[in-house]
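Accompanying notes for the structure given below.
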There are 2 protein chains.
Amino acid sequence: MAERGRPRKFDRAAALRRAMEVFWERGYEGTSLSDLTTAMGINPPSLYAAFGCKEALFREAVALYEATEGSATESALRDAPTAREAVAAMLRDNVNAYACPGKPPGCMIVLAATLGAPENKGVCNYLAECRRKVQDALQRRLERGVIEGDVPAGTDTAALAAFYTTVLQGLSIQARDGAPRARLQAIVDCAMAAWDQLTRPPNRRAGSRSTTAPKRKARVP
Amino acid sequence: MAERGRPRKFDRAAALRRAMEVFWERGYEGTSLSDLTTAMGINPPSLYAAFGCKEALFREAVALYEATEGSATESALRDAPTAREAVAAMLRDNVNAYACPGKPPGCMIVLAATLGAPENKGVCNYLAECRRKVQDALQRRLERGVIEGDVPAGTDTAALAAFYTTVLQGLSIQARDGAPRARLQAIVDCAMAAWDQLTRPPNRRAGSRSTTAPKRKARVP
DNA sequence: TCAGTTATGTAGCGATTGATACATAAACTG
DNA sequence: CAGTTTATGTATCAATCGCTACATAACTGA
C-alpha cells in the first residue's frame with residue numbers, strides 16, 4: 001500500500017486551509033483561480049490534480065470550515081445541559097468566532113455564496129443545505145429539551161429554531177459590516193430575552209398575538 | 001432647453017428596472033454585462049452612454065430598489081404611531097416583500113454583494129452603508145418612542161436597533177433558502193415576543209443577564 | 001439645407017476567466 | 001537497471017469578462 005509515483009511537493013491540508021481563507025474572505029465568485037494558486041503557493045495543474053476543480057475545492061473548503069471554524073455550533077448544541085443554554089452557547093460561541101481578530105468576520109457558510117450566476121447555482125444550493133442542517137440540528141436540540149423537560153411541551157420548536165437561526169445568520173451580516181464583538185453579544189442578549197416568552201405554554205402565553213393584522217387601534221401617548 | 005441630438009430609442013427607467021431585477025436575482029458579481037444588455041434589450045454602447053459603467057448602473061439599481069421594493073421600511077418607521085408598532089410593521093411588511101411571488105426572495109441590499117473580489121469592494125461598502133442607514137433610522141425611531149413616551153427611558157435603543165436589524169437581515173437569508181411567508185412571519189412573531197422584556201426599565205429587568213459567562217451551574221431536569 | 005449633437009449597431013479591444021497539453025522530474029516496483 | 005506511476009512547471013487553451021472605436025442614423029438650431 002505504499003505511495004506510487006512522484007510524491008506531492010506541497011502540504012495538501014495547508015493548501016486547503018489557505019483556499020478556505022480566501023473563499024471566506026472574498027466569496028466563491030469573488031475568488032479567481034489565480035487568487036487561489038497564489039494563496040496556496042502552487043500552480044494550476046497541482047490544484048486540479050489534488051482537488052478536481054474550483055467548485056470541488058470550494059466544497060472541501062466548506063467542509064474544513066465546518067470542522068474547524070464552524071464547529072462551535074455543533075459542540076454547543078451537543079454539550080450544553082439544557083436547550084436554553086445550548087442556544088445561548090451556540091450564539092455566544094459563534095459571536096466570538098465571527099469577531100475573531102485576524103480572521104474574516106462572519107460565517108463563511110452564510111456569506112460566501114448568497115447569490116450568484118446560474119452556472120454557480122450548485123454552490124449556492126450547497127451552502128443553503130449546510131444552513132438548513134444547522135437549523136435542523138437546532139430544532140432537534142429543542143425537541144430534546146422538550147423530552148428532557150427543560151422546554152415545555154407544546155413549544156413551537158420549528159419556529160424557535162427558525163428564529164434563532166435567523167439571528168445567527170443576521171449576525172454574520174452585522175459582523176461583516178464592522179459590528180464589534182460587544183455589539184454582537186448585545187444582539188444575542190436581546191434574542192435570548194425572548195426565550196421565556198417563547199417557551200411559555202401556549203394557553204397562557206401573553207405576547208404571542210400576530211403582527212400580520214393589528215386588531216386594535218394604536219395607542220398614541 | 002429642448003433635447004439635442006438623436007433621441008434615445010429605449011425607455012431608460014424600464015431598462016433600469018430590468019437591470020435591478022437581474023442584480024437582485026444574481027448579485028453584482030454574478031451578473032455579467034451580457035446578462036444586463038440582454039435583460040435590458042439594448043447594446044453595450046447604449047448601456048454605457050446611459051449609465052456610465054457596471055458599478056454606476058448597480059448603484060442606480062440599488063437606489064431604485066430602495067425607492068420601490070425597499071420602501072416598506074421607511075414608511076413603516078414613519079407612519080406607525082408607536083415604536084413597537086413601527087418595528088412590527090417594518091418586519092411584517094418586509095416579510096411580505098421578501099416572499100412576494102414572481103420576485104426574487106430576500107432583500108437585494110442584504111444579498112447582492114456580501115463578499116466579493118477586492119476590486120469590487122466599493123460595491124460591498126456601498127451596500128453596507130445602505131444597511132447601516134436602515135439601522136440608524138430604526139434607532140432614531142426608537143429614540144422618538146422614548147421622547148413620545150411609548151418606550152421607557154433608559155432603554156438601550158442602540159442594542160434594540162441592532163437586534164431587530166439583525167433579524168431583518170437574517171430574514172433575507174431565510175427567504176432565499178426557501179422559507180415560506182408563514183415561517184418568516186413566525187420568526188417575526190418570535191422577535192417581537194422579546195419586546196416587553198427589552199423595553200423593561202433596566203433596574204427591574206429580569207432576563208438581561210449576559211450569556212458571555214454563565215455564573216451559576218446549569219439546571220439539569 | 002447644413003452643421004452640430006447625441007444615440008445606435010457592429011465589431012472587436014486587451015485582459016482575465018476556469019481549465020489543460022505536454023514535457024520533465026521524482027518516486028516506486030521488478 | 002528499465003518500466004510504471006504520479007506530480008510539477010511552462011505555456012498556453014477557448015471563452016468570457018468589462019468596455020469601447022467607429023461609422024451611421026436621427027434629432028436640433030441656425
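FYI, side chains are in, hydrogens and waters are out, and symmetry mates aren't considered; it's all heavy atoms of this structure. In what follows, chains carry the letters A, B, and so on, assigned in the order in which the sequence lines appear, proteins first and then strands, with residues in each chain numbered from 1.
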- prompt: Distance only, no hydrogens: is a donor on one side chain within 3.5 Å (strictly under) of an acceptor on the other, for A:E129 and A:N125?
  reply: no
query: Looking only at side chains, do B:Q174 and A:Q169 share a donor and an acceptor under 3.5 Å apart?
result: yes
Residues [X] and [Y] bridged, charged N to O under 4.0 Å:
| X | Y | answer |
| --- | --- | --- |
| A:D136 | A:R132 | yes |
| A:R17 | A:E69 | yes |
| A:R26 | A:D35 | yes |
| A:R12 | A:E60 | yes |

Whole angstrom is fine here: how far is it from [atom1] in [X] over to [atom2] in [N]?
| X | N | atom1 | atom2 | answer |
| --- | --- | --- | --- | --- |
| B:L57 | D:dG18 | CG | P | 11 Å |
| B:F58 | D:dG18 | CZ | C1' | 16 Å |
| B:R4 | C:dT5 | CZ | P | 6 Å |

statement: Of A:P7 and B:A49, the one whose nearest nucleotide on DNA chain C sits closer to the 5' end is B:A49
message: Closest-nucleotide mapping onto DNA chain C: is B:G5 or B:L47 further toward the 5' terminus? I mean the 5' end.
response: B:G5
message: So does A:A72 get a backbone contact from the side chain of A:D93, meaning a donor-acceptor N/O pair under 3.5 Å?
response: no
- line: Whether each nucleotide of nucleotides 9-20 of chain C has a protein heavy atom under 4.0 Å at its base (B), only at its sugar-phosphate (S) or at neither (-) is summarised, 5' to 3', as BB------SSBB
message: Please enumerate all residues that pass ring-ring contact (aromatic ring centres under 6.0 Å, His included) together with B:F58, with sequence neighbours excluded.
response: B:F23, B:Y28
- prompt: Can a donor-acceptor pair under 3.5 Å be found between the side-chain atoms of A:R8 and the base atoms of D:dA7?
  reply: no
message: If a pair means Watson-Crick or G-U wobble with both distances below 3.5 Å, what does DNA chain D look like in dot-bracket form, with | marking bases paired to a different strand?
response: ||||||||||||||||||||||||||||||
